[in-house]
Structure formats: C-alpha cells, structure tokens
Amino acid sequence: MTIEAGLDDLNSLMKRRREELDELLAKGINPYPYNFERTHFSQDIISSYKDDQPKQNVAIAGRIVSVRKMGKTLFSHILDSKGKIQIYLKKDEIGDSFDDYHLLDIGDIIGAEGYLFKTKTGEVSIHLTKYTLLSKSLRPLPVVKEKIDEAGNKIIFDPFSDKELRYRQRYVDLVVNPKVKETFLKRTQIVTALREYLDSKNCIEVETPILQPLYGGASARPFSTHHNTLDVKLYLRIADELYLKRLIVGGFDAVYEISKDFRNEGMDRHHNPEFTMLEVYVAYKDYIWMMEFVEEMLRFILNKVNNSNKVTISGTEINFAPNWKRISMFESIKEFTGIGIQNLSLDEIQKVAKKLNIDIVPPMSRGGIIDEIFSQKVQPHLIQPTFITDYPIELSPLAKKHRTENGLTERFEGFINGQELCNAFSELNDPLDQRARFEDQKKLRLQGDVEAHQIDEDYLRALEYGMPPTAGLGIGIDRLVMLLTGAESIRDVIFFPQMKSEE
RNA sequence: GAGCGUGUAGCUCAGUGGUAGAGCAUUUGCCUUUUAAGCAAAGGGUCGAUGGUUCGAUACCAUCCACGCUCACCA
C-alpha cells in the first residue's frame, strides 16, 4: 500500500474519506485551512469548571476521536494535546453544519467554538455554536473505546497494541495511546532537569563532532561512512569522550554534552543502534567527588520529575537518596561468590570461573574473565543504587591508575535494578601512560578484538600539552528514562526506534 | 546468530483441507443531554510473500519477509 495509490487501490474506508473530501470541496469548504485561534485546552477547561460559573465561551482545537449521533443531536469527543473534551451539537441551533458534520470522521482535526455546560451525566462539555474543519484525515484511525469502571479504573477496549505498527507509525501510537505521550513527556522532563542541574553546577554544554576520522572513548564497533569531497572514511561517534577531554585541555573547567552515539551492534530491549548519552567532565576533581555528584544529580532529577527520592520498578521500591552503597569490584565478587580473586593469576582465575560455571571463550584476558564473573554473579543482585569501584586496568584504557591499588583503576559504575546506569573515572591524564594503554589496545586489536580502541595521536598530542586532573562521567539517557518510566524496552523511550525495512 | 511463537477486514481477534467469521469502525434508516449510546439493515478480505503436496490450500510442507519473546553478542 503506497501513499500514491490511485483511488481504485484504496480500501473502502479510504475511498469514503476521499469522497467526503470531494463533497466538502464542492460545498466550498477548505479542508486544509491555515490557522485557528484557540482560547483553551481540554483538560484546563474540565479541571477549572465550576457548576455555578457564568456562561463561558471557549474555542478548542483537536482531533475527533468519537462521534455519537442521536437524531437531531450529536456528541463527539475532541482530543487535543492535553486530553479530551466532549462537544455537543444541536441541529436546531447550527442548521446545515449539523448535517455537514457527517462528512467528518474520526481522525479529522477541527476547531470547535461554544459555551460550557455539564451534561445530565455530569460531563463537562462544550455546547457548540460553530465548528471549523482544520484538516481532513484520509486514513482510518484505530478507534479506541474506553470506559471508567466502578473502581474508577480506565478500561480500554481493543487497544492499538501491535508493537510493529506502534513503532513504525508512532504518530498513530501517540494519538491513540495516551500513556505513550506521558512517557515521552517525562523523557523531556528528565533531560531538562539534567541540564538544569548541570548548568547550575557551571558545567558548559558543548557540541563535538558526530563524524569522526577515528572513533574512540568506548569499546564498540562503529558505523562508517564516506566523505565524498575529502574522499576519506569517517565514523559515526561511539562516544564523545576524547573530544570533551580535549576541551578540558583547552581550559574549560567543566563541560557536558547530551549526544546521540552510534554503535554497530545487536539490537534488543536494552540496545538501539543510536542512543542518547550524557557525558560530563570536571577539571580538578576525581572519581570520589564524582560519586557524590551523581548521587546529587539523580536526587535532583527524581525530585523534579517524580517529586520523590523513590521509584517503584516492577514491584520493587528503589531509593535514590544519596549515600549509595559503595563496594569495590573484587569485594563485590567476594561478597556474592565467597571467593577472593584479586591476587589470583590468569590460570587461577580461569579455574574459579569454571567452578562458578561461567562460560569463557578461550582467548579471554584476565580482566575479561573478571568482568564476566561480575556480570553473572554480582550484577543481577544490585537492585538498590550501588557504586562498583576500582576496575582492573585492562578493562579501562582511559581511566587513571588507582592511587594505592596495583593493577586497578579509579573507576566506578552505578548499578540500579541489575542494570548499569553510569560509568565514570578519574581520567587518565598521563600522556605516556595513555600511549602505553593505546599500545595494549592495539595488540588486542591485532589479536582480533574488533572493539579494541584505536590509537588517537591527536588526542595524545593534546594530553602532552597537559590536562588537569579530571573526573569524567557517562550516563545512558535512554536507560535512565526506562528506569524512571518503568519502560521494559528501549523502544518504548525512543520515538522512532530502528526497524527493518517495510518492503 | 540460535530456539520458540505470531502474521486472517481500518483496529482487536476467532476459525476450517472444499476460496472466511465476530466485536468495534464504515455506509443507510430511526432516535434532541449520549458516553464501550441503542435498534434495524448493508458493504468491506490477494487469510504476510513465493513455491510444493492435493481434484482442491487461508489451513499441510518448504523457503523467504516482517514482528514478538528468550538466549547469545553487546554497554
């Protein structure tokens, strides 16, 4: 079915709407006029209505979502950005335009003017004096019928629920499933609160390249593209990290960027190829300071968005109040497996992994096995907000060596509900150490690790000029939104998630 | 990438080896405060696509496409 289909190819519902369009045109009615002066929104009218108020005229605009015709009178619901309100038409009063209303359909957008009243059943409604067609809809909209039961619960009958259609035609999903709009409004509130917090801490919002000649800042496979004029290969960024730290070198004290990153990897309910990331870098601070910063930031967001420190996810109450549990990666493994592995050799750790029934694909580094043990034995237990600290150096090529613990870095990740929420470290600012770490990554790459970091000479040059001690943070915004909205899939917090071609 | 499942009217779904059904939506008629409005009637389908088995396939088989769930990969 294509949009350009001729009339013969249209189904009967669409044909009918084209015929109505022709009838409207024949009557001299413009089905697509240019503007409408509205004075009110549906929900505002309903919530402020008082039974003894004087006659009040209003003009609203929105989409027809139901029509109940009863002889010479008619009720219809109009959906606008804030909700629904009922309008009431009487043939005695509006004459021909009463009859013309039947050239309209569910889905058409109209402007409605009239005065307020309450029906016998107590619904605040608009007694219509005039309506104006603002946009004729040529496709049938799924009809959503609902009622409020005795307990006050809203029952929706046969909701528009096909996930494929909902994601592909999000515009329809948004019209007929009010919860979807709520989720995305909350997403915006969360991001607004984030900015508000960061701005208040004198962090400067900046923009860095999406198209990069080298990709870096994370372990991931990139998307690549080609610039015709320069005739060079470019990558879509997998992280902003290395560019933001160049700005710290340049003298900014604190910068942040809320960006789309792109990773050429599998898709599931936690991964979309393009996703939104917050990265923050603050000079002269370390990862200990950053833990408090994260706690305060999330408290701020929770209070702005949920008016509470707490959120309930699938029946579990999660408390975001500061002073999250802090435990080192090795301590956490000891806590949940009873085995201390910090000082064990690769061979010994392999034996432990085997004993714990951890699958290891042979060419796996010591750090890789430790990470695997952690993911399987510890991470699922981290329900309340927890900082896991001090990761092995081979897992963290951009993090600074731990000030006291050999072989570890000053890094932490925040976990909530068994999911990673953020990743942060005292940034590695020793240019010689950074070069050595890049060289190690290069070896991994030569061994076939497609996700190993590339050597970025310009970044090393920047570090050689000198970068102050710096704390850095990354937070996956989509996952944060999932957490705070109770969404089970990342697709429910991204307007237009990646889908395969419709062909 | 693997396993399981799904794909039938605009939407939500039944169903059968003899080319289809319901509710809502649509159309027509009746109905001047209804609200999942009601009553009566009617129209509407390439049964995801392509092959195969069969006298005959929407159903059985194969392949493909899309989607969902789980796992793997991956932050």
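Scope of the values below: all heavy atoms of this structure, side chains included, with no hydrogens, waters or symmetry mates. If you're wondering where the values come from, they're calculated on a predicted model, not measured in any experiment.
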Base, sugar-phosphate or nothing for [X]? Non-hydrogen atoms, less than 4.0 Å.
X: A/Arg491; answer: sugar-phosphate
X: A/Asp162; answer: sugar-phosphate
X: A/Arg168; answer: sugar-phosphate
X: A/Lys91; answer: nothing
X: A/Arg68; answer: base
X: A/His77; answer: base
X: A/Met267; answer: nothing
X: A/Ser66; answer: nothing
X: A/Ala220; answer: sugar-phosphate
X: A/Thr119; answer: base
X: A/Leu141; answer: nothing
X: A/Arg263; answer: sugar-phosphate
X: A/Phe157; answer: base
X: A/Gln379; answer: base

(message) I'd like to know whether A/Arg263 forms a side chain to side chain contact (heavy atoms under 4.5 Å, CB included) with A/Glu451, so could you lay out the CA-CA distance, the side-chain angles of the two residues, the decisive distance to 0.1 Å, and finally the verdict.
(response) CA-CA 10 Å; A/Arg263 299 192 184 173; A/Glu451 292 176 358; over 6 Å; no
(message) Among A/Asp492, A/Asp173, A/Asp162, which residue satisfies the side-chain hydrogen bond (donor to acceptor under 3.5 Å, both in side chains) criterion with A/Tyr167?
(response)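 Exactly one candidate clears the test, A/Asp492.
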Taking the six-membered ring for Trp, are the ring centroids of [X] and [Y] within less than 6.0 Å of each other?
X: A/Phe425; Y: A/Tyr287; answer: no
X: A/Phe374; Y: A/Phe415; answer: yes
X: A/Phe184; Y: A/Phe495; answer: yes

(request) Apply the test side chain to side chain contact (heavy atoms under 4.5 Å, CB included) to residues A/Ile29 and A/Lys27: give CA-CA distance (whole Å), side-chain angles for both, the deciding distance (0.1 Å), then the verdict. (result) CA-CA 6 Å; A/Ile29 296 170; A/Lys27 284 173 173 286; 4.2 Å; yes
Side chain of [X], heavy atoms from C-beta onward: which of [options] has the nearest atom to it?
X: A/Phe160; options: B/C67, B/U32, B/U12; value: B/U12
X: A/Arg16; options: B/U32, B/C67, B/U26; value: B/U26
X: A/Glu123; options: B/U34, B/U32, B/U26; value: B/U34
X: A/Lys120; options: B/G23, B/C67, B/U34; value: B/U34

(message) I'd like to know if A/Asp268 reaches the base of B/C73 with its side chain, counting only an N/O donor and acceptor under 3.5 Å.
(response)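 Result: at least one qualifying N/O pair found.
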(request) Using a strict 4.0 Å threshold on nitrogen-to-oxygen distance, state whether A/Arg326 and A/Glu295 make a salt bridge. (result) yes
(message) Please check: side-chain N/O of A/Ser42 versus main-chain N/O of A/Gly83, any donor-acceptor pairing under 3.5 Å?
(response)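 Yes: the side chain of A/Ser42 pairs with the backbone of A/Gly83.
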(message) Expressed as a whole number of angstroms, how long is the span from A/Leu165:CG to B/G48:C1'?
(response) 12 Å
(request) Using atom NZ of A/Lys84 as one end and atom P of B/A36 as the other, report the distance to the nearest whole Å. (result)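 After rounding, the gap between these two atoms is 12 Å.
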(message) If a pair means Watson-Crick or G-U wobble with both distances below 3.5 Å, what does RNA chain B look like in dot-bracket form, with | marking bases paired to a different strand?
(response) (((((((..((((....[..)))).(((((.......))))).....(((((..]....))))))))))))....
(request) Take atom P in B/U58 and the same atom in B/A9, then report the distance between them in whole Å. (result)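 So the two P atoms sit 15 Å from each other.
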